[in-house]
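What you are looking at is a predicted structure, and each value in this text was computed from that prediction instead of being measured.
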Amino acid sequence: MASSSSTMSARHVVAHLAAPRGASALCARPRRLPTGSPASAVSAVAVARPPLLRRCYSTHTPDDPKAPQPGTFADKWQREFRAGVGLDRPDAAAAGAAGTAGTATATAADDVAAQYFAHRQQQQQLSSLGADISPHYQPHTLLTHPPSPADVTLELLLASEAHQGHATSLWNPASARYIHGIRQGIHIISLEVTAAHLRRAAKVVQEVARRGGIVLFVGTRDGQDRAVSRAAELAKGCHLFERWIPGSITNGKQILGKCRTKVVNEHDADVPGFEEQLYDRAVLKPDLVVCLNPLENYVLLHECALNNIPTIGVIDTNADPTWVTYPIPANDDR
């Protein structure tokens, strides 16, 4: 009876070792065999399946100060790729199998490394071939490096969506001569007229700036501050991207009379010796005003008209082109 119980306990141990990892005890329990069956005498070592050969790879191998350092990135990458730590089987019979597996792994590593460096070499040789395709329209360069009036084309205006007007219900009849047609309830502005008026306005700004006049660029909508400041920097003028104070031109002595006035040179450095001459001097007025959104700055345009200051404005289909001296028919939302 004792021998039978020891045989059953051995079978349970063998079944537990041979069962897959994660299996439950109920599934790993063997079927009860007769005492006289040949399978009852099988030993645990014979029934247990051999342990699986495992091999792991290290992603980094610490550098040995005594070992020769790799000269190139390729040598270092190959050495780290081949740095595998083998976990051999406990019995001596599996040592040969582990060596064979290590040799096969090293061969596979050599093949992968050779393919990788062949790909890198081919990529370096073919990278300079082919055509250099540069996009025609780059919106960010229009602010940093705006084109000259002669380089403004209809394709550039079309890409910037300068032809899109407002809905026909918001149409101003005074802008009828700038409208090309209607599409899906939206007025389409003629880009040929836009290009002609844009070149004329650019000539006016260029001539005023050449003669040393004060050019004021105004844009109070969201997103117009960058364009306004860049235009003022190129034209050596002034910019305004906040609310216009009513009466700054018509009643400038009362509104801006307390502001300090000084004389500066071309580098904005103070020039002493003109303090007495600035007491009775009138408030400075711009010689030209460029407005990007005339609808929100109608008071400014009216003050400029009362003081005979020429103005340039972007006129959409819902605005009156008679508000400014040099209108530019285009989309004022872009």
Side-chain angles (χ1 to χ4, degrees), residues 138-149 152 156-157 160-162 164-166 189 194 197-198 200-209 212-262 264 266-268 283-307 309-321 323-334:
Q138 297 179 356
H140 62 279
T141 58
L142 297 180
L143 296 178
T144 57
H145 302 285
S148 61
V152 176
L156 183 60
L157 295 176
S160 59
E161 299 182 4
Q164 293 185 4
H166 283 275
I189 303 175
T194 301
H197 285 69
L198 182 60
R200 183 185 64 173
K203 290 292 183 180
V204 173
V205 175
Q206 181 180 0
E207 188 65 22
V208 172
I214 301 176
V215 183
L216 176 61
F217 295 89
V218 181
T220 58
R221 288 186 182 178
D222 296 339
Q224 294 181 348
D225 50 354
R226 183 181 178 186
V228 166
S229 59
R230 179 57 178 169
E233 181 182 358
L234 295 176
K236 307 297 182 182
C238 306
H239 63 272
L240 174 67
F241 48 81
E242 295 180 354
R243 178 179 174 270
W244 170 261
I245 301 177
S248 298
I249 296 180
T250 56
N251 196 18
K253 189 173 182 179
Q254 297 295 331
I255 297 177
L256 304 176
K258 297 181 180 180
C259 297
R260 177 173 175 266
T261 307
K262 60 181 180 179
V264 296
E266 62 274 7
H267 302 290
D268 291 341
V283 180
L284 294 179
K285 297 180 181 180
D287 298 308
L288 178 65
V289 176
V290 181
C291 185
L292 300 184
N293 50 338
L295 292 178
E296 289 83 356
N297 296 282
Y298 174 75
V299 178
L300 168 62
L301 299 178
H302 182 67
E303 293 183 11
C304 292
L306 294 177
N307 289 268
I309 299 176
T311 56
I312 298 175
V314 179
I315 300 299
D316 210 331
T317 57
N318 61 339
D320 190 355
W323 290 355
V324 295
T325 309
Y326 303 98
I328 303 176
N331 184 10
D332 60 351
D333 297 330
R334 294 290 176 178

Which atom of [X] lies closest to which atom of [Y], heavy atoms considered:
{"X": "P327", "Y": "H197", "answer": "O-CD2, 3.2 Å"}
{"X": "L143", "Y": "A227", "answer": "CD2-CB, 3.7 Å"}
{"X": "A319", "Y": "L295", "answer": "CB-CD2, 4.0 Å"}
{"X": "G313", "Y": "P294", "answer": "CA-CG, 4.3 Å"}
{"X": "V228", "Y": "H239", "answer": "CG1-CB, 3.3 Å"}

Hey, what do you get for [atom1] ([X]) to [atom2] ([Y]), rounding to the nearest 0.5 Å?
{"X": "F217", "Y": "S229", "atom1": "CZ", "atom2": "OG", "result": "11.0 Å"}
{"X": "D225", "Y": "L240", "atom1": "CG", "atom2": "CG", "result": "11.5 Å"}
{"X": "T194", "Y": "I315", "atom1": "OG1", "atom2": "CD1", "result": "11.5 Å"}
{"X": "L300", "Y": "W244", "atom1": "CG", "atom2": "CH2", "result": "5.0 Å"}
{"X": "N293", "Y": "D222", "atom1": "CG", "atom2": "CG", "result": "10.5 Å"}
{"X": "E303", "Y": "N251", "atom1": "CD", "atom2": "CG", "result": "9.0 Å"}

For [X], enumerate each residue passing the side chain to side chain donor-acceptor pair (under 3.5 Å) test, keeping only those at least two apart in sequence or located in another chain.
{"X": "N307", "value": "K285"}
{"X": "E207", "value": "R210, R211"}
{"X": "S248", "value": "none"}
{"X": "S148", "value": "D151"}

Got a sec, which pairs hit salt bridge (Lys or Arg N to Asp or Glu O under 4.0 Å) with one end in residues 232-247, sequence neighbours left out?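 For residues 232-247: R230-E233.
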Any non-hydrogen side-chain atom of L216 less than 4.5 Å from a side-chain atom of V290?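 A side-chain contact is absent here, since even the closest heavy-atom pair is not under 4.5 Å.
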Side-chain heavy-atom pair L156, P147 within 4.5 angstrom cut-off: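 A side-chain contact exists here, since the closest heavy-atom pair is under 4.5 Å.
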Residues, nucleotides or ligands: over 12 heavy atoms within 6.0 Å of R200 CZ: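 Above 12, so yes.
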Under 6.0 Å from the CG atom of L234, do we count more than 12 heavy atoms belonging to anything else shown?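 More than 12 within 6.0 Å, yes.
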Can you list the residues that meet the salt bridge (Lys or Arg N to Asp or Glu O under 4.0 Å) rule with K203, with sequence neighbours excluded?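 K203 satisfies salt bridge (Lys or Arg N to Asp or Glu O under 4.0 Å) with no other residue.
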By salt bridge (Lys or Arg N to Asp or Glu O under 4.0 Å) - contacts of R221 (at least two apart):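 By the salt bridge (Lys or Arg N to Asp or Glu O under 4.0 Å) rule, R221 matches E296, D332, D333.
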Taking only residues two or more places apart in sequence or in another chain, which ones pass side-chain contact (heavy atoms from CB on, under 4.5 Å) with T311?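 Counting only residues at least two positions away or on another chain, T311 forms a side-chain contact (heavy atoms from CB on, under 4.5 Å) with V289, L301, C304, V324, T325.
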Who pairs with A201 by side-chain contact (heavy atoms from CB on, under 4.5 Å), at least two apart in sequence or on another chain?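 So A201 forms a side-chain contact (heavy atoms from CB on, under 4.5 Å) with I312, I328.
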Ring pair (Phe, Tyr, Trp, His ring centres under 6.0 Å) involving [X] - partner list, sequence neighbours excluded:
{"X": "Y326", "answer": "none"}
{"X": "W323", "answer": "Y298"}
{"X": "H166", "answer": "none"}

Verdict with supporting geometry, N297 and T220, side chain to side chain contact (heavy atoms under 4.5 Å, CB included): CA-CA 8 Å; N297 296 282; T220 58; 3.4 Å; yes
